[in-house]
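Data first, discussion second: the structure below is written as structure tokens.
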Amino acid sequence: MPTLSADLLWMFVSFILTLMVFSYLFGDNALFRFVPALFIGATTGYMFVIVVFQVVLPRLVAPILNGSVITLIPIILSGLLLMKVSPKLSKFGNISMAYLVGTGAAVAIGGAILGTLFGQIKGTLTAFDSLQHATGTTPLFLILEGTFMLVGTIATLVYFNFGAKNTAQKTAKRGWLSSAFAWIGQFFIAITLGAVFAGVLTTAITALVERSDFILQSINTLLR
Amino acid sequence: MAENICPICERPNDPSAERCWYCQAELASGEQPTPVNGTDWLNGLREESEQVTDVETPAETGELEKPEEIPDWLARIRTREQLEREAQANTESAQTEPVVAGKKEELPDWLKEIKAGFSGKKSESEQDDSAPESFSPLATSTAADQKPLAVGQDQNEDTDEWLSRLAAWKPTDAESQTVDEGQDAVDFDTSEPEIPLTPMETPPKPQFDMDSLAALNQAEFRPFESKRGNGWQKLNTDELDADQQDEPQPEKQLSFDDLSPAEEELAPANFDINALRETIAVQHTDPDFFAEKVTPDASDASDEDDLLEDDFQDLNLAGVENTAVASHEESIFLEIKSEPQPGDLTSSPFVPDDLPDWLATAKLEKHEKRSNEPISDELDAGKLEATLDKGNLPAWLQAARIPTPDADGLYDSRKGETSESGLLAGISGTLQTPSFGMDIRKPVGYGSALKVSERQKQSANLFANLVDETFDDNDISLPKKSKNRRMIWRLGLAFALLLAVFLSSNILAPFIIQPALFPPEVVSVYDQVDALSLDKPVLLTSDFEAAVAGELSWSSQALLEHLMNRNMNLVIISSNPSGSTLMTQLINNAAKNVQGFDVSTHVINLGYLPGGATGVKLLAENPRAAMPYTHNLDAAWNSPILYTVYSLSDFGAVVVLSDKSESSRAWVEQIRPALGATPLMFVISAQVAPLLQPYYQSGQVSGYVAGFYGSLAYEQMLQQTSKSLSHLGAFQSAMLLVVVLILVSGVVALIRPARTERKG
Amino acid sequence: MKSPLSMLVAVLSGLLVLAGYFFPFPALIAIRTPMLDWAVTLAGIAGLVAIINLMVGVHLKRLREPGSKRFFSIVVIISFLMVAVFGFYLGPADQKFQRVVTAIQTPIETSLMALLAITLTYSSLKMLQRQRNWMGFVFFLSVILFLVINSGILAFSAEIPVLQDLLSGFHQIPAAGARGILLGIALGSLAAGVRILIGSDKPYSG
């Protein structure tokens, strides 16, 4: 029998919690419902402590104690945001929310343009550019690969374009070129989403293997 | 001998009768028009109520009802060509004709304007002098053009009068009232023609509240958008016939009679806001149209209140409930066809004079309530639903209610069929359960900017149902047998997977296939780490949840050990609250396998960086401002590890551990421009890999290790045998088992006919 | 205009931050860094608001309601208070306090993810029953192929160059699709962001 230590105790807690979650295989039950309640309480409690210690104290309290007057602005904005808790005072928090949303939108725009749009368009064209540095690969293959990437990217984008013209029959229809690209785009999207789904399943199976390993280890340790 | 069929209740009457013996509706004298496609004209009207679609054309209705009594102007509007030709001819002869003829002449003008407004084309007059946009209730009351039987022969004289009165209506201030959003969305098409009107006390200058309009959800314009190309404004009968075949029928119509009783009995009704919106959208009505005004009758308000009270008593409903009844009347018409129901009369274009008061007012009550709705986006679908007392609904109404009208148009092709399974089993004229599975969701409010095809909608709903089904075993609609079957399947699957995992370590161990192919992205990471300068610290950012801690601990183990073997200084930042702890745990675990690496001197934890992409941007711009303290609240940048770091490019490398493609994208977008030559690498969950691959190919990401198999490849390159390899057998066994199961089920599904096919 | 001050704040703050991306003037950067810092702080405080709302607005209210939900709300509140008190006493960097994550949060979340493997497999069995069309078939084949690739059992293809090239080609297909999807997401973000910056969308005025 192993000596009772903190590690062992916590391992036992983890083991029991794992089994409670797996009890869902037998249908929804009280044990399974208990676990999310515990999880929510513990996680929010942990987050509460982290936010106080790593946001409020270092970003609001410490600077103001150091005499930084400009910190009054985030303090006021934070105060206004906290008013969101009360339904009566909630509207005062809109200013802080507006500030958050405004800066967030700007960050999203800047990132989308400089990070993804420019980067990915450049990346699509780089496939052709690599012809100059090609070693060991035939130029024809590189051209085909680059064209494949280009067509796939454009076709996928075209598929997501839902704009259409009204025809004489009052039904919105794509043009023939757009339809053709959209059809090709569907193919690429199906493959991509299939790959993503396979990735999710792989992640989940990895978690299952990890938990199975943990269960075996725990049983071995507890029985030893 | 031909019977005179009542247009309201469809029952046969004596040919000589002027009024229906059953419902007292006025009958069309003379011979009835030949039913189209073997049904009478009302069939089409009833069918319209079964779906939220287009609105019937006034020309068609008028023609079918009472051909011999149709005035010239209405006859002329049957065809567009005729209208245009005769409008021109009448303009010339108008000066010599009597007053009535002159009034007739006005109608085609505004009709043309309405037509132009809805069809997106300008009428001739507008093209000439592009009149200022004006507000007209008529522009939206599509079926107001219909000429009901009850109006009789005074219609020509009435035309001018009602036009004037209509011009005098204005919307009243909306009062706060919560309305079922979903209901609202469903009702749009039907409610638009049924515009309750309020007499204006002020001159009928176009008035509307811009703030209210600004608050309107754009999606609410969709019904109107869908109407723009549809029926009622089309004056060409040929076109109409074609549309009737091709397009779904409208749900309900508003007739002149709907308006007339409203004026006479319930004067202070408000404008339907839907009509207002459409009016604003159309905005092509001639301003001269409002030249005449009607003084409102002040006594009408009190009359209406009394009527409403009576109505509630008659209906045995509270006020709110009455609204619910009214709002569900479209559903009523879906089901009850064979006999006339009160709701039929209220929504019919031919409301007889002796219509029961409670019905007439109940209908108008609905309009009033709707017009009093707060014009905001805060319509809470759940609130109103919660306030409804279903127990108080009449039995026939409860029986007639169906979940949701099918907005996708599927209904049209399936009407008349009887559902054999699902919620609507046994109810004739309802949707059959789609072959792809039961869809009992509310209609999804797709944005007005998107034109989503039926197939895309079905796919979206299918996916949502699939996800729901995954965890939604508590659904009370599931029979116990089905629940048990699912549970058995799940248990069987779990047992098989766990068995494969447990057995793999012993029995299947000889059959595992070790990685021999090294993905280029993993090789790139290895090369970058191998080439790191020792004097620069490596920034490790934790952007993953505890759910994938197991996978990422395996994936990152080899990389972390590689960094520690090189004696690199490590700096930890977390973009989620628990990430810092998880990262510390990973480093501690890795450090156990690396001799001589002291965590306390080589690792510094800067803690939690909130703000998502904004936080990452701040970090990229000024790391010292972003993370001023360690997680212990010590001054971070005085430490020996960090005192030489002023920007991100001063780090030797940035390694992000992530389990989400969105946050991975945010990291690439925000910090890549600030990194310069510093490599950006990822250790990711397998689910992120497909969406990170393009960033690697474009050179924005220097490399990544994805999932369990990626870490194995890294280990092979490091020539280490770690714990991960011992899990490879279990991993491969479980993966292969899943592949086989899916493959077999797919083959079976292809061989076996679909359930619907089996049922014939 | 519902709240002009809020809109002004959103538009001005957004434009100032956005300008910094394209015009790296020192003055602009000097303004932008504290602005981003405030936004980061506010994001943290927003998390605090969410926690308070969850505890006070949801679970404390549920205590007055009878039924099983009340019991689970009690569990939530008690566990929250215990962890919070424990955390304030020990501090977030304490190893014992970090057990909350490693011994409670991690096993629960990982176990739920493991359950997902079973339920996803179960759902996948019906994949072709539900979508009997060519799109569904392509998706099905893609899932099978990438599951096999992810499992690593095609490692033997290293000795067969043709198979290796074929696998490399298969990897290009999702990369092309993913690039299109990423560009679409970026365009969508751009449009949504611009709508906020011109005051057309006001998601903060709730």
Side-chain angles (χ1 to χ4, degrees), chain A residues 10 13-14 17-18 21 35 37-46 48-51 53 55 59 74 77-78 81 84-85 94-95 97-103 105-106 108-110 112 116-117 120 149 152-153 156-157 160 188-192 194-195 197-198 201-202 204-205 207-208 211, chain C residues 3 6 9-10 13-14 17-18 21 38-39 41-42 44-45 47-49 51-52 72 75-76 79-80 83-84 87 92 99-100 103-105 107-108 110-111 113-114 116-117 120 135 138-139 142-143 146-147 150 173-174 176-180 182-184 186 189-190 193 196-197 203-205:
Chain A
W10 282 115
V13 169
S14 301
L17 288 174
T18 303
V21 173
V35 173
L38 177 70
F39 171 70
I40 291 167
T43 307
T44 47
Y46 182 82
F48 188 71
V49 174
I50 292 290
V51 169
F53 274 89
V55 177
R59 294 178 186 278
L77 287 172
S78 300
L81 191 59
K84 279 274 177 194
V85 174
N94 286 352
I95 295 172
M97 286 303 295
Y99 182 78
L100 258 181
V101 169
T103 49
I109 290 173
T116 297
L117 285 177
Q120 289 306 302
M149 290 294 289
T153 305
T156 307
L157 267 177
F160 286 117
F188 278 93
I189 289 169
I191 299 270
T192 307
F197 184 78
L201 203 48
T202 306
I205 289 171
L208 181 71
R211 275 298 95 183
Chain C
S3 55
S6 298
V9 168
S13 60
V17 172
L18 185 61
Y21 275 92
W38 301 338
T41 306
L42 279 179
I45 300 296
L48 209 57
V49 171
I51 292 168
I52 294 169
F72 291 117
V75 173
V76 169
S79 53
F80 169 79
V83 171
R99 288 280 190 184
V100 172
I104 296 176
Q105 199 176 338
I108 291 176
T110 314
S111 302
M113 183 62 94
L116 189 66
L120 272 183
M135 256 302 249
V138 169
F139 180 82
S142 173
V143 170
F146 284 99
L147 276 176
N150 288 349
I173 304 175
R179 180 165 286 165
L182 286 174
L183 286 172
S189 306
L190 190 62
I196 289 170
L197 291 194
Y204 39 82
S205 59

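Here is the naming used below: chain letters follow the sequence lines, and residue numbers restart at 1 for every chain. Keep in mind that this is a model prediction, so the values were computed, not measured.
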Between CZ on residue C:Phe72 and CG on residue A:Leu38, distance to nearest 0.5 Å: 11.5 Å
Among the listed options C:Ala84, C:Gly47, C:Ser189, the residue most often paired with chain A at heavy-atom distances under 4.5 Å: C:Ala84
Minimum-distance pair of heavy atoms, taken over all atoms of A:Ala106 and C:Gly14: CB-O, 3.1 Å
Single hit among C:Ile45, C:Leu42, C:Thr41 for side chain to side chain contact (heavy atoms under 4.5 Å, CB included) with A:Arg59: C:Thr41
Max heavy-atom pair count under 4.5 Å with chain C, selected residue of A:Leu77, A:Leu201, A:Ile50, A:Thr43: A:Leu201
Region of A:Val51 that comes under 4.5 Å of a non-hydrogen atom in chain C: side chain
Winner by heavy-atom pair count (cut-off under 4.5 Å) against chain C, out of A:Ala98, A:Gly102, A:Ala42, A:Ala204: A:Ala98
Closest-packed option against chain C by number of heavy-atom pairs under 4.5 Å, given A:Gly152, A:Ala198, A:Ala112: A:Ala198
CD1 on C:Ile108 to CG on A:Leu17, rounded to 0.5 Å: 4.5 Å
Where C:Gly87 and A:Phe53 come nearest, the two heavy atoms and their spacing: O-CE1, 4.2 Å
Chain C contacts, top residue of A:Thr18, A:Ile109, A:Leu157, A:Val85 (heavy-atom pairs, under 4.5 Å): A:Ile109
Best-contacting candidate, C:Ile51, C:Ile52, C:Val100, against chain A by heavy atom pairs under 4.5 angstrom: C:Ile51
Contact leader toward chain C among A:Thr202, A:Val55, A:Leu100, where contacts are heavy-atom pairs under 4.5 Å: A:Leu100
Heavy-atom side-chain proximity of C:Tyr204 to A:Ile95 below 4.5 angstrom: no
Pairwise distance CG(C:Leu182) to CG(A:Leu117) - rounded to 0.5 angstrom: 10.0 Å
Residue, of C:Thr110, C:Leu197, C:Val17, that accumulates the most heavy atom pairs under 4.5 Å with chain A: C:Thr110
Taking every non-hydrogen atom, the tightest pair across A:Val49 and C:Pro92: CG1-CB, 4.3 Å
Closest-packed option against chain A by number of heavy-atom pairs under 4.5 Å, given C:Gly193, C:Ser142, C:Gly180: C:Ser142
Separation of C:Ile196 CD1 from A:Thr103 OG1 (nearest 0.5 Å): 10.0 Å
Leading residue by heavy atom contact count with chain C [cutoff under 4.5 Å; candidates A:Val13, A:Ile189, A:Leu81]: A:Leu81
Distance in Å, A:Ile191 CD1 paired with C:Met135 CE, rounded so as to fall on 0.5 Å steps: 10.0 Å
Shortest non-hydrogen contact between C:Val83 and A:Gly45, atoms and distance: CG1-C, 3.7 Å
Side-chain heavy atoms of C:Ile173 within contact of A:Phe188, under 4.5 Å: yes
Rounded distance (nearest 0.5 Å) linking atom CE of C:Met113 with atom CD1 of A:Ile205: 12.0 Å
Test log, rule side chain to side chain contact (heavy atoms under 4.5 Å, CB included), inputs C:Leu147 and A:Phe197: CA-CA 9 Å; C:Leu147 276 176; A:Phe197 184 78; over 6 Å; no
Top contributor to chain A interface from C:Ala178, C:Ala186, C:Gly184, C:Ser79 [non-hydrogen pairs under 4.5 Å]: C:Ser79
A:Thr116 side-chain N/O to C:Leu183 backbone N/O, donor-acceptor pair under 3.5 Å: no
